[in-house]
Novice: 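Could you have a look at this structure, given as structure tokens, before my questions?
Letters go in sequence order (proteins before strands), and every chain restarts at 1. Fair warning: this is a prediction, and the values are worked out from it, not measured in the lab.
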Amino acid sequence: MSKRSTEPLLWLLFSAGGVVAALLIPALLFLFGLAFPLGWVSPPHYAHLAAVLGHPVSRLGLLVFCVLALFHWAHRFRYALYDGLRLKHLEGAINLLCYGGALAGSAVAGYLLLTPW
Amino acid sequence: MADLITLRVTRYRPENDTEPTTQDYEIPLRKEWAVLDGLNHIKDHLDGTLSYRWSCRMGICGSCGMTVNGEPRLTCATFLEDCAPGPIRVEPLRNFPVIRDLVVEIGDFMRKLPQVKPWVIREEEASIDSEYLQTPAELDQYKQFSMCINCMLCYSACPVYALDKDFLGPAAIALAQRYNLDSRDQGSAERMDVLSAAEGIWSCTFVGECTTACPKGVDPAGAIQRYKFTAAMESLKAFLLPRGTR
């Protein structure tokens, strides 16, 4: 019963995390990993970038991104352990590791992003 | 002399065998022959004791699903030439108990299928001389799911079903969606409990092998993911909204 009631919510987080990760991570990797270092696109000045990142809306956006991506990982890794490694009998410990890990990571992300730099 | 090809067929005769064994048969390699034609040649000319299911020979009946060279295939649609030079391994469908030789026990699927009520449900039947009109766009909503022939190749391909036989499975869910997405149907609420149970859509981890295996171009993995969204929205609504407004 507990699986039935929490599974849809966990899946929504997984799904949303998958979408934002698939859209944002390649874009960020392309910009900061290739386009800026190789000079394909002129990079923003440090002050500009720092101002963008310092804005509360950017920070909130990054926090949502981190939280969703972590819950995406948690759900996927949980099933990788359940089915891939056939560890479903350790359900309790796996759930604690995966979703507990995602919650802990979210807390760290919240602390880093929402406390003044 | 015509070219020959070897069919390496899994045999299991429960009255004699404790374990399945394999038996090789040399059959003519003909351009127009599918694996099923090869099996029929064996049955008619080489070994009448071989057991397997088949009926239509044209990809409609869904009876002749077997594991050919390790892949779930309709044997009537898998041509010998495409598997040359052989030997071609012909095994029963995986994930099902074997009754005899290439014949599997399909009772599990036959019990699950009616649970999703795969028929048009109406709150009230219209009079006998009226019609339920449907636009081409409404037809497109469910048409691909209506191509399912219940061949169970998707169950054979599904790694989740391999681990958990309680999983409702790809074809049953795709067929539920075939009716849920039909503009003439009013039964989606009746199907929801079975579909959104833990053994329903939530068991699926979106491996996607069902869609790869389907010989009729149905996308059960897509149907399941789509229904996950529907069910998740329903449970969010149930969680957030007071009872009266649902």
Novice: Would you say that Pro8(A) contacts Trp202(B) through its side chain, given a criterion of any heavy-atom pair below 4.5 Å between the two side chains?
Specialist: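 They are in side-chain contact.
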
Novice: Is atom NZ of Lys165(B) surrounded by more than 12 heavy atoms (other residues, nucleotides or ligands) closer than 6.0 Å?
Specialist: yes

Novice: To the nearest 0.5 Å, what is the distance between CD (Glu7(A)) and OG (Ser235(B))?
Specialist: 10.5 Å

Novice: Might you confirm whether atom CE of Met110(B) has over 12 heavy atoms from other residues, nucleotides or ligands at distances under 6.0 Å?
Specialist: no

Novice: Between atom CG of Asp164(B) and atom OH of Tyr82(A), what is the distance when rounded to the nearest 0.5 Å?
Specialist: 12.0 Å

Novice: Should the heavy atoms of other residues, nucleotides or ligands under 6.0 Å from NE2 of His48(A) be counted, would the total exceed 12?
Specialist: no

Novice: Does some side-chain heavy atom of Leu12(A) sit less than 4.5 Å from a side-chain heavy atom of Lys228(B)?
Specialist: no

Novice: Taking side chain as everything from C-beta outward and backbone as N, CA, C, O, which of these in Arg76(A) sits under 4.5 Å from a heavy atom of chain B? Side chain, backbone, both or neither.
Specialist: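 Contact with chain B involves no heavy atom of Arg76(A) at all.
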
Novice: To the nearest 0.5 Å, how far apart are CZ in Phe14(A) and CZ in Phe206(B)?
Specialist: 8.5 Å

Novice: Looking only at heavy atoms, what is the nearest atom pair of Ala232(B) and Trp11(A), with distance?
Specialist: CB-CE3, 4.0 Å

Novice: Sort Phe229(B) into side chain, backbone, both or neither according to what part of it lies under 4.5 angstrom from a heavy atom of chain A.
Specialist: both

Novice: More than 12 heavy atoms of other residues, nucleotides or ligands under 6.0 Å from CZ of Phe36(A): yes or no?
Specialist: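 It does: Phe36(A) CZ has more than 12 such atoms within range.
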
